[in-house]
Every structure is written in C-alpha cells, then in structure tokens.
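Report on the structure given below.
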Number of protein chains: 2
Amino acid sequence: MQKQMGRAKITIKWIPRDTSGNMTFMKRKKGLKKKVEELSILCGVEVCMVCFGPQMDQQTASDHPHVWPGKSKALEIVERYRSLSKEEQENKKLDNSSFLEQRIKKLKVELSIKRKENRELEMESVYPWDSCLNFFTDEQLKDLVDYIDIRLETVYDRINFLSRHEREIYNGVESDMVGFCSF
Amino acid sequence: MQKQMGRAKITIKWIPRDTSGNMTFMKRKKGLKKKVEELSILCGVEVCMVCFGPQMDQQTASDHPHVWPGKSKALEIVERYRSLSKEEQENKKLDNSSFLEQRIKKLKVELSIKRKENRELEMESVYPWDSCLNFFTDEQLKDLVDYIDIRLETVYDRINFLSRHEREIYNGVESDMVGFCSF
DNA sequence: GGCGCTATTTATAAGTC
DNA sequence: TGACTTATAAATAGCGC
C-alpha cells in the first residue's frame, strides 16, 4: 500500500505540540504572514496581526509573540483602532450609521433651538406687542402682521424640514439631505 | 478567443478600489479570517487581527475596522502583548536570546563579584597574613598554603568557566550550559 | 454587496535529506 | 530547524446572476 504523499485532508482541530504540530504552526504562520502582506499590498489597507506561539503543555506559558508587520506599525494600527469610539469600533457600518447618528444629534439640537426661538417669537408676537398696537397706524400694523407671517412661515418651514428629516433618518432613509441644510 | 475563466495569476500590487478591488478585499479578508481561525484552533494559539478597510481615494479616510476574533478578545491579546517588556516584544527568539541575555547579565555580575573576591583573597593571602606567619608552625603554614592554593584553584576555575561562557554566548554558541552553572 | 461557477494558482501535509 | 519534493486540498480571479 502506498504511503500518503502530498497534501492529505485534515480536520481543523487541536494538534498537540509535538514535532508535527510545531511544524504545522511554523508553516501556517508563514503562509498567514504572506497572505496578510498580500492583502495589505493588494488593497492598500492597514492590517496587523499579533500571535502568541503555541503552548508546550498545559503548565507552560505559551511561546514568544509574533507580530506583523512589525512591532511599531502593529501597535500604531491597534492604537488607531483603540482611539475609535465604541460605536465606531462595534458598528460595521461606521461610514453610514455613525455619520447619520452625529447628524441626528445636530438636527435635534437645531430643532430644539428653533422650537424655542419659535415659542419666543410667538410670545413676542402676541403679548408684548399688544400694548403697543395703539402706537401704529393700520397700514403699519398690516405691514407688521405680514412681516410676522413671513417670519412664522420661515420658522414653520424650518421646523417641518427638520422634523421630516429627523423621521427619515430614523427610518434609515438616506435622502440627499447633505448640502441642503443651509437655512 | 476564450475568456479567462477560473483563477488567473496576479502580481501582488495595489488594486485601486473599484468594484473588482473591493471584491478582492472582501474575498481575501474572508479567507484570511478563516486561516487565522484555523491556525488558532490547530495550534491552540492566541491570534488576533486588526484591519482597516481600503481607502476610497486619497482624500477619504479608510473604511470601518475589521477585527478578529472580536473586539474584546483582540484587545485582550494586544494588551497581553503590550504588557511584555521591550526585550520580550522585540526578540523573536525570546525563549533563547532573552534568556541568554539575562544569563549574561547574571554571569557578568557573578564574574565581577568573583574577581573582587579573588583580589581580596590574593590581598589577604599575601599581605595581612605576612605579619601573622610567625604565629604558625611550618606544618600549619604548609597546610595553610595548600588550603589557599585549593581555594585559588576553585576561584580561577570559576573565572575561566565564566569567561569561557561569556565568550561563547557572545559568539552565539549555545552550549549546553543550562544546568551546569551550579558552583 | 453577495453567491455560484470553474479553471488555475497556491498553500500545505507528509516525507526525505 | 530549515529546505526541497510531491500530490492533493484550498483559495481565489474573473465572470454571470
């Protein structure tokens, strides 16, 4: 019967660290480094890898560490990762969701500011001016009301816009709102 | 002419991130994760990987990060690596060279101590005792000289041993000195 | 972006030196 | 440990959907 030359199929499970196990580690680590390097070059991405050598046995601590593509670069990449916010670290869709989340926050703040402004405008338009109405001619009052209406319209438009987009963003609809938010 | 179906040979160089480049990144990242996982299982080692997605273009920051085998485990492994001393981080042959370096330090200290002891012994054997010589019989003096000779021999042996191994270690010769250093 | 296909290239398990 | 060999398992480039 012929011996099994060449690559035999193996199942992926723990190989005790005898000679062959160690051989496997060495070979595969080498192959892995090559693949990491290829990915890095092909796609121009920052990749790093940290790997501790296999344990001799259950008592002995594991072997020395292997890092790719080198200590400083690896730590730099990890530091870049660590410096990200929890959301940025966790969410796969960083470029979308994080951006939108920040946008939502900004819009909420703007919205509350505008609502407050609006309340103030409404207050001003109703109460304090009441006592001053006698100082104006009818013509002036008409102009004033027109002016107020226009102002209110603008304010309501703004409220509507913000509300609408707040809803759209919550629904995950990315409208082409970017660049349209200048009042 | 037949189209190139199946795997074509590629040279490892930067692929701009158009559709195919992105495809390559996705496929290879998937393959890489698989290989990392296999290494981890086969050899029972701690491996982690951090990879930032490819840049859209030179202006845009690169994509969201990919970590393996997951945020917390990856950071744990990196932390373990960071907690190592500089020597342990740098040296590939931690188990050898770092061990030997520490051994060298110890040997140097021992050597200087022994040299000092030796000097002191020589001093003691020559000067202070001179004035005491009259207190001893010839027989006693003979024993004393023998004793001193034996002591000196031991000391010189030790110096020779230390010097020899100091030289061997510097020359990178790993003799089977471990376990032989008990005086 | 993902999945399937397929021809090829690569990676590599086992063995030898 | 490392280098080379061999036969075979896996990964994957280039397409199409």
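Note that this is a predicted model, so its numbers are computed, not measured. Letters A, B, ... mirror the listed sequences (proteins, then strands); counts begin at 1.
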*Does B/Gln89 reach the main-chain N or O of B/Tyr81 with its side chain, forming a donor-acceptor pair under 3.5 Å?*
yes
Expressed as a whole number of angstroms, how long is the span from [X]:[atom1] to [N]:[atom2]?
X	N	atom1	atom2	answer
B/Leu32	C/dT10	CG	C1'	14 Å
B/Lys33	D/dT12	NZ	P	14 Å
A/Met26	C/dA13	CE	P	14 Å
A/Phe25	C/dA14	CZ	C1'	20 Å
B/Glu38	D/dA9	CD	P	15 Å
B/Ile12	D/dT12	CD1	C1'	11 Å
A/Arg28	D/dA11	CZ	C1'	12 Å
B/Glu37	D/dA10	CD	C1'	15 Å

Report the nucleotide, chosen from [options], that has the shortest atom-to-atom distance to any side-chain atom of [X].
X	options	value
A/Lys34	C/dT10, D/dA13, D/dA11	C/dT10
A/Ala8	D/dT1, D/dA13, C/dA14	C/dA14
A/Thr24	D/dT1, C/dA13, D/dA13	C/dA13

*Is B/Lys35 near enough to C/dT12 that one of its side-chain N or O atoms lies under 4.0 angstrom from OP1 or OP2?*
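Checking C/dT12 against B/Lys35, a side-chain N or O does come within under 4.0 Å of OP1 or OP2.
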*Is the distance from OP1 or OP2 of D/dA11 to the nearest side-chain N or O of B/Lys27 less than 4.0 Å?*
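No, because none of the side-chain N or O atoms of B/Lys27 sits under 4.0 Å from OP1 or OP2 of D/dA11.
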*With a 4.0 Å cut-off on heavy atoms, is A/Met23 in touch with a base, just the backbone sugar-phosphate, or nothing at all?*
nothing
*Identify whether any heavy atom of B/Lys9 sits under 4.0 Å from a base atom; if not, whether one sits that close to sugar-phosphate; answer base, sugar-phosphate or nothing.*
sugar-phosphate
*Nearest-nucleotide wise, let me know which of A/Asn22 and A/Ile10 is further upstream toward the 5' end of DNA chain D.*
A/Asn22
*So which heavy atom on A/Ile77 is nearest to which on A/Val47, and how close?*
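That would be CD1-O, 3.4 Å.
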*Kindly give the heavy-atom pair with the smallest separation between A/Trp68 and A/Ala74, and that separation in Å.*
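Between these two residues, the closest heavy atoms are O-CB, 3.9 Å.
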*asked:* Should the side chain of B/Arg7 and the base of C/dT9 be counted as holding a donor-acceptor pair, with the cut-off at 3.5 Å?
replied: yes
_Strictly below 4.0 Å, N to O, side chains only: are A/Lys34 and A/Glu37 in salt-bridge contact?_
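Salt bridge between A/Lys34 and A/Glu37, a charged N being under 4.0 Å from a carboxylate O: no.
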*Charged N to carboxylate O below 4.0 Å: is that the case for B/Glu38 and B/Lys33?*
no
